[in-house]
Amino acid sequence: MPDKIHDLIGVGFGPSNLALAIALHESASPVQARFLEARPAFAWHPDMMIDGADMQVSFLKDLVSLRDPTSGFSFLNYLHHKGRLERFINRKTFFPSRHEYNDYLGWAAARLGPVCVYDQRVTAVEAVEKNGAVDLLAVTAQDAQGHETQRFARNLVLAPGGQPFWPDCFADQRGGPAVIHACDYITARQARLKPGLRIAVLGGGQSAAEIFADLAAHPAAPQLDLILRGHAIRPADDSAFVNEIFGIGYTDRLFALPPEARSAFLRDFAATNYSVADADLIARLYELLYEQEVQGGTRLRLLRETRVASVRSQGAGVVLEMVGGAEAAPQSEAYDLVILATGYRRALSETVLAGLRPWMTDSQPGRDYRLPMAPRFAPQIFVQGYSEATHGLSDTLLSVLPARAQEIAAALAPPSDAARRPVLAAE
């Protein structure tokens, strides 16, 4: 038997697993958990911390309040500890800045103590098989220097976040100097932005709009194109009745529907989350372009109904071959930098669970976010952020974090009359 056995190992330590760690802590759960995070310290989308960007979710949908409004890990308690509660109230808004919310998450993570080991990128999860049965999982992680550590767990929860999506035509540019994903925006801007550049932003959602607005106001004043597949940047539907679909009760309702009805529901409400932007940000961009027209400028362009057909390198930059509508002629444009605000992809088949595929009986999780596994496979495998097709659009967002964390914590809790297993996992 290995020397160190954890009741639970969590892959990733973003908001989802942070909420779970808090739920286990506040319930005084006997489950001994260790979370592994690839980053060197806590950070939530650090390269999208754009000055002036606000949250799109109410602060009341924090890590805990919908589960326990009296929790010491609430956003309101964070404001109290920081001495900003009254000043935040004076702002008359439910939406903190992204900088402030990231600070809240880091504050909550620090209050938990050493539940997470940072600089640990999980590279493999394997079943420890004995006599045809599996009681343990072997989790291998690698630090930035390439040193590997293997840990063992009785259960696993996967929450590493989505993988940046690169359209096929940009595949050969990955890792090169001229094309980046929005997830690396701030670092790339600081390292590469200088006067005289031509930059393209690809995408029609919130991230694309925020990046375009940020670059439009930058002192380096780059030539800037926003490339849209559609005719316009569409507003997110955040009206009151529509927002009810992000409520905790809708998870049960959607999960109970037949697959065809679930798919139709997700299609109907896609405009709450995908390829849309906040209305005030859209108005801001429109004013930028209008004022430029008044002044006779051409620095900022909106390329509507345009699709990138191919990409080729040219010196230190790239050339995009683009096509528009049926009557539009193909166009070729050279750029020093292209920023892909093309979202993220979440596919279990592309995660570290690939080594457990022979033991999986289905790739769709159950209502409690647990993957169905073969008989004689004792470890429970939970997923956070991989259940949109079955649990709803809120699954990849912040809205259901407290409830989902509570459900997983409850599923992990041993029966009250069970013998307490020894904890051998000090690190």
Side-chain angles (χ1 to χ4, degrees), residues 5-12 16-17 19-20 23-24 29 31 33 35-36 122-140 151-163 248-266 345-397 400-401 403-415 418 421:
I5 302 176
H6 301 270
D7 288 330
L8 173 70
I9 284 181
V11 180
S16 293
N17 270 347
L20 175 59
L24 291 170
S29 172
V31 173
F35 297 89
L36 306 177
V122 175
T123 57
V125 178
E126 298 168 310
V128 179
E129 187 176 355
K130 184 178 181 180
N131 299 325
V134 176
D135 288 324
L136 289 178
L137 300 171
V139 180
T140 303
R151 299 170 175 86
F152 296 87
R154 298 185 177 96
N155 303 286
L156 186 87
V157 58
L158 183 77
Q163 293 299 311
I248 294 167
Y250 263 79
T251 303
D252 287 328
R253 177 175 175 179
L254 194 69
F255 190 83
L257 293 176
E260 299 81 6
R262 281 202 303 261
S263 296
F265 186 95
L266 294 173
R345 181 162 57 189
R346 298 169 185 259
L348 280 177
S349 61
E350 300 175 4
T351 68
V352 293
L353 296 185
L356 301 181
R357 193 173 298 131
W359 297 93
M360 294 182 188
T361 59
D362 194 344
S363 61
Q364 298 286 358
R367 172 60 188 84
D368 61 357
Y369 305 96
R370 180 168 28 189
L371 292 175
M373 308 300 287
R376 305 196 72 187
F377 188 96
Q380 300 178 90
I381 311 292
F382 298 90
V383 293
Q384 301 204 71
Y386 288 86
S387 309
E388 182 179 288
T390 52
H391 292 63
L393 288 161
S394 58
D395 187 67
T396 62
L397 307 177
V400 297
L401 292 188
R404 184 170 66 196
Q406 184 177 39
E407 290 177 25
I408 295 175
L412 285 165
R421 292 174 292 186

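The structure displayed is predicted, hence computed values, not measured ones. What's counted below: heavy atoms across the whole structure, side chains too, no hydrogens, waters or symmetry copies.
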>> With heavy-atom distances below 4.5 Å as the criterion, would you say the side chains of Leu348 and Leu371 are in contact?
In response: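 SC-SC contact between Leu348 and Leu371 confirmed.
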
> Do the non-hydrogen side-chain atoms of Trp359 and Glu129 ever get within less than 4.5 Å of each other?
Replying inline: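 Yes, their side chains come closer than 4.5 Å.
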
Sequence neighbours left out, what passes salt bridge (Lys or Arg N to Asp or Glu O under 4.0 Å) with [X]? Give chain and number order.
X      : answer
Glu350 : Arg345
Asp135 : none
Glu407 : Arg367

Output all residues satisfying side chain to side chain contact (heavy atoms under 4.5 Å, CB included) with [X], sequence neighbours left out; order by chain, then residue number.
X      : result
Arg346 : Tyr386, Thr396
Pro258 : Glu260, Ala261
Asn131 : none
Val122 : Val11, Leu36, Val125, Val139, Ala141, Val352

What's the separation between atom [atom1] in [X] and atom [atom2] in [Y], rounded to the nearest 0.5 Å?
X      : Y      : atom1 : atom2 : result
Thr361 : Phe377 : OG1   : CZ    : 10.5 Å
Leu353 : Ser363 : CG    : OG    : 11.0 Å
Gln364 : Phe255 : CD    : CZ    : 8.5 Å
Ile248 : Gln406 : CD1   : CD    : 8.5 Å
Thr251 : Leu393 : OG1   : CG    : 10.5 Å
Leu24  : Ile408 : CG    : CD1   : 9.5 Å

> Between the side chain of His391 and the main-chain N/O of Gly385, is any donor-acceptor distance below 3.5 Å?
Replying inline: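 It does not hold such a pair.
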
>> Test your reading of the model: is there a side-chain donor-acceptor pair from Arg404 to the backbone of Ala19, 3.5 Å cut-off?
In response: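 Judged by distance alone, no pair lies under 3.5 Å.
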
> Applying the side-chain contact (heavy atoms from CB on, under 4.5 Å) test to Asn155, which of Leu8, Ile9, Leu136 qualifies?
Replying inline: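 Output: one option passes, namely Leu8.
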
Can you give the donor-acceptor pairs under 3.5 Å from side chains of residues 156-163 to other protein atoms, not counting sequence neighbours?
none

> Taking only residues two or more places apart in sequence, or in another chain, which ones meet Phe35 in a ring-ring contact (aromatic ring centres under 6.0 Å, His included)?
Replying inline: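 With neighbours one apart ignored, the set is Phe13.
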
>> Going by ring-ring contact (aromatic ring centres under 6.0 Å, His included), name the residues that satisfy it together with Tyr250, two or more places apart in sequence or in a different chain.
In response: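 So Tyr250 forms no ring-ring contact (aromatic ring centres under 6.0 Å, His included) with any residue.
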
> For Ser387 and Asp395, which heavy atoms make the closest approach, and how far apart are they?
Replying inline: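 The answer is N-OD2, 2.7 Å.
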
> Going through the checks in order, is the side-chain contact (heavy atoms from CB on, under 4.5 Å) test met by Ile381 and Leu137?
Replying inline: CA-CA 10 Å; Ile381 311 292; Leu137 300 171; 3.4 Å; yes

>> Considering only residues two or more places apart or on different chains, which pairs with a residue in residues 353-364 satisfy salt bridge (Lys or Arg N to Asp or Glu O under 4.0 Å)?
In response: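 Every pair satisfying salt bridge (Lys or Arg N to Asp or Glu O under 4.0 Å) with a residue in residues 353-364: there are none.
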
> Considering residues at least two apart in sequence or located in another chain, which fulfil the side chain to side chain donor-acceptor pair (under 3.5 Å) criterion with Glu388?
Replying inline: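 So Glu388 forms a side chain to side chain donor-acceptor pair (under 3.5 Å) with Tyr274.
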
>> Walk me through whether Met360 and Met373 qualify under side-chain contact (heavy atoms from CB on, under 4.5 Å).
In response: CA-CA 5 Å; Met360 294 182 188; Met373 308 300 287; 3.9 Å; yes

> Does the pair Phe382 and Leu412 meet the rule for a side-chain contact (heavy atoms from CB on, under 4.5 Å), with working shown?
Replying inline: CA-CA 10 Å; Phe382 298 90; Leu412 285 165; 3.6 Å; yes

